Undergrad: 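Attaching a single structure in structure tokens format; questions to follow.
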Amino acid sequence: MNSIFKIVELFNVFLLEIGELSYFAGRFFKEAFKRPFEFKEFLRQCFYMGNRSLLLVAVTGFIIGLVFTLQSRPTLQEFGAVSWMPSMVSISIIREIGPIITALICAGRIGSGIGAELGSMRVTEQIDAMEVSGTNPFKYLVVTRILATTFMLPVLVFFGDCIAIFGSFLVENLKGNVSFLLYYNQVFDALEFGDLIPATVKTFFFGFAIGLVGCFKGYNCKKGTAGVGLAANSAVVYTSMLLFIIDFIAVFVTDIFYDL
């Protein structure tokens, strides 16, 4: 009986969390189109998020390209289909692997940073001081960060995809003596707009989810230093779950349009 009450209590907490997050998202859309627009802070956050995450995304993308090609090459060799390697790698990375891996990395790098930063500002009462001074902290702190993650993640994904394909080319060049021009001709021959557009569109939703959950957890952080750590940790966990849900919905919707 106690376990049933515990499950019901956890379900109620989950529904309450969803409701609060939905209200938070609605407030964002309400504040985003109101003046004044914090354009300088938006650009600062774009530079901060993009510049700080660029090296991590590049290294991860490069390793993904190397490992994916090294793991797939022996199987393709058995069937005499090594020539399909550029097409397979490019489509797999562009459609799925690149966006979701980059988004998960940014969830850990950017989402936790936003949660910890806003959480510490809430704990030290800096947000309360901004409200007293007449500044709109939600617009200055939350709106700018969510917009920055929304617009910067597609850029990071594009950069990570290019590095991953380059890593794949290096393996093919060493193993099969494939030239740069031949490899990239096969890559671009295999790609279509039907591969690029859905993969690009869903990265905007990935970025929005990272910024939204990170700001929500940090802005509503509980008092105390333990609350800051909890906000950063829960921001990563909730964002990772949300990214997989968004990815599933995006693939499902894309598959429907392909069937039509």
Side-chain angles (χ1 to χ4, degrees), residues 53-111 153-207 209-210 236-237 239-260:
S53 305
L54 200 60
L55 180 60
L56 183 60
V57 170
V59 172
T60 306
F62 185 71
I63 293 174
I64 288 173
L66 291 177
V67 172
F68 188 62
T69 306
L70 286 172
Q71 292 287 343
S72 303
R73 205 170 195 281
T75 304
L76 292 179
Q77 277 183 326
E78 292 181 5
F79 296 96
V82 180
S83 60
W84 287 92
M85 178 64 72
S87 304
M88 186 191 72
V89 170
S90 60
I91 292 174
S92 300
I93 288 176
I94 295 294
R95 278 189 182 181
E96 189 62 33
I97 298 176
I100 192 64
I101 295 296
T102 304
L104 289 172
I105 292 170
C106 291
R109 174 66 183 83
I110 298 174
L153 192 70
V155 178
L156 292 173
V157 168
F158 176 78
F159 180 74
D161 290 347
C162 293
I163 297 295
I165 294 174
F166 179 74
S168 175
F169 156 73
L170 289 181
V171 174
E172 281 297 290
N173 182 258
L174 293 173
K175 294 280 189 178
N177 197 23
V178 178
S179 67
F180 181 86
L181 184 61
L182 175 61
Y183 187 88
Y184 275 85
N185 279 338
Q186 292 180 346
V187 166
F188 287 110
D189 285 342
L191 293 175
E192 300 177 354
F193 280 106
D195 302 318
L196 297 173
I197 293 176
T200 303
V201 169
K202 70 180 180 181
T203 56
F204 286 97
F205 290 96
F206 287 165
I210 292 171
V236 177
V237 174
T239 303
S240 301
M241 293 174 57
L242 191 57
L243 288 176
F244 285 114
I245 294 172
I246 294 173
D247 188 50
F248 168 74
I249 295 173
V251 172
F252 184 76
V253 172
T254 304
D255 187 61
I256 292 175
F257 281 102
Y258 269 108
D259 289 340
L260 294 177

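On a predicted model such as this, the values are computed, not experimentally measured, just so you know. Side-chain atoms are counted along with the backbone in the values below, which use heavy atoms only and exclude waters and symmetry mates.
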Undergrad: Got Thr203 and Phe158 here, is their nearest side-chain heavy-atom distance under 4.5 Å?
TA: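 Side-chain contact under 4.5 Å: no.
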Undergrad: Does any part of the side chain of Phe169, heavy atoms only, come nearer than 4.5 Å to the side chain of Val178, both counted from C-beta?
TA: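 No, their side chains stay 4.5 Å or more apart.
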Undergrad: Okay, side chain of Thr102, backbone of Pro99: is any donor-acceptor separation there less than 3.5 Å?
TA: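 Here the side-chain-to-backbone pair does not exist.
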Undergrad: Atom CG of Leu54 and atom CD1 of Ile163: how far apart are they, to the nearest 0.5 Å?
TA: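 If we round to the nearest 0.5 Å, Leu54:CG and Ile163:CD1 are 8.5 Å apart.
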Undergrad: Can you measure from CD1 (Ile246) to NZ (Lys202) and round to the nearest 0.5 angstrom?
TA: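 Nearest 0.5 Å value for the CD1-NZ distance: 10.5 Å.
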Undergrad: Do any pairs count as a side chain to side chain donor-acceptor pair (under 3.5 Å) and have a residue in residues 154-176, sequence neighbours left out, and if so which ones?
TA: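 Listed by first then second residue: Thr69-Ser168, Arg73-Glu172, Ser168-Tyr183.
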Undergrad: Any chance you could measure Leu104, atom CG, to Leu243, atom CG, to the nearest 0.5 Å?
TA: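 So the CG of Leu104 and the CG of Leu243 are separated by 5.5 Å.
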Undergrad: In the structure I gave you, are the side-chain heavy atoms of Val89 and Ser72 within less than 4.5 Å of one another anywhere?
TA: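 A side-chain contact is absent here, since even the closest heavy-atom pair is not under 4.5 Å.
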Undergrad: Return the CD1 to OG1 distance between Ile249 and Thr254, rounded to the nearest 0.5 Å.
TA: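 Between Ile249 CD1 and Thr254 OG1, I get 11.5 Å after rounding to 0.5 Å.
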Undergrad: Do any N or O atoms from the side chain of Asp255 and from the backbone of Val251 form a donor-acceptor pair under 3.5 angstrom?
TA: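 Absent.
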Undergrad: Quick one, Thr200 with Val157, criterion side chain to side chain contact (heavy atoms under 4.5 Å, CB included). Give me CA distance, side-chain angles, the key distance, then yes/no.
TA: CA-CA 8 Å; Thr200 303; Val157 168; over 6 Å; no
Undergrad: Considering non-hydrogen atoms only, spot the tightest contact between Ile91 and Ala190 and give its length.
TA: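 Smallest heavy-atom distance, with atoms named: CD1-O, 4.0 Å.
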Undergrad: Rounded to the nearest 0.5 Å, what's the gap from CD1 on Ile93 to SG on Cys162? Could you check?
TA: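 Result: 10.5 Å between the selected atoms.
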Undergrad: For residues Cys106 and Ile210, report the shortest heavy-atom separation together with the two atoms involved.
TA: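 Taking Cys106 first and Ile210 second, the nearest heavy atoms are CB-CD1, 4.0 Å.
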Undergrad: So, using side chain to side chain donor-acceptor pair (under 3.5 Å) as the criterion, who are the partners of Arg109 when residues are at least two apart?
TA: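 Once residues adjacent in sequence are excluded, Arg109 has no partner under the side chain to side chain donor-acceptor pair (under 3.5 Å) criterion.
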Undergrad: I'd like to know if the side chain of Thr60 and the backbone of Val57 have a donor-acceptor N/O pair within less than 3.5 Å.
TA: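 Checking the backbone N and O of Val57 against the side chain of Thr60, no donor-acceptor pair under 3.5 Å is found.
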Undergrad: Do Tyr184 and Phe180 have ring centroids that are under 6.0 Å from one another?
TA: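 That pair passes the under 6.0 Å test.
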Undergrad: Output all residues satisfying side chain to side chain donor-acceptor pair (under 3.5 Å) with Gln186, sequence neighbours left out; order by chain, then residue number.
TA: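 For Gln186, no residue satisfies side chain to side chain donor-acceptor pair (under 3.5 Å) once neighbours in sequence are set aside.
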Undergrad: Does the side chain of Ser92 reach to within under 4.5 Å of the side chain of Met88, using non-hydrogen atoms?
TA: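 The answer is yes, as the side chains (C-beta and beyond) meet within the 4.5 Å cut-off.
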Undergrad: Mind checking whether Phe244 and Ile100 have side chains closer than 4.5 Å, heavy atoms only?
TA: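 Counting from C-beta outward, Phe244 and Ile100 do come under 4.5 Å.
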Undergrad: Hey, could you give me the CG/OG distance between Asp189 and Ser87, rounded to the nearest 0.5 Å?
TA: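 Here the interatomic distance stands at 7.5 Å.
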Undergrad: Is there a side-chain contact between Ser53 and Ile105 in this structure, where contact means two heavy atoms from C-beta onward sitting under 4.5 Å apart?
TA: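 No - every pair of side-chain heavy atoms lies 4.5 Å or more apart.
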Undergrad: Find out whether Leu242 and Phe206 are in side-chain contact, i.e. whether some heavy atom of one side chain is under 4.5 Å from a heavy atom of the other.
TA: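 Not touching, per the 4.5 Å side-chain cut-off.
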Undergrad: Could you check whether any side-chain heavy atom of Asp247 comes within less than 4.5 Å of a side-chain heavy atom of Glu96, counting everything from C-beta outward?
TA: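 Yes - at least one pair of side-chain heavy atoms lies under 4.5 Å apart.
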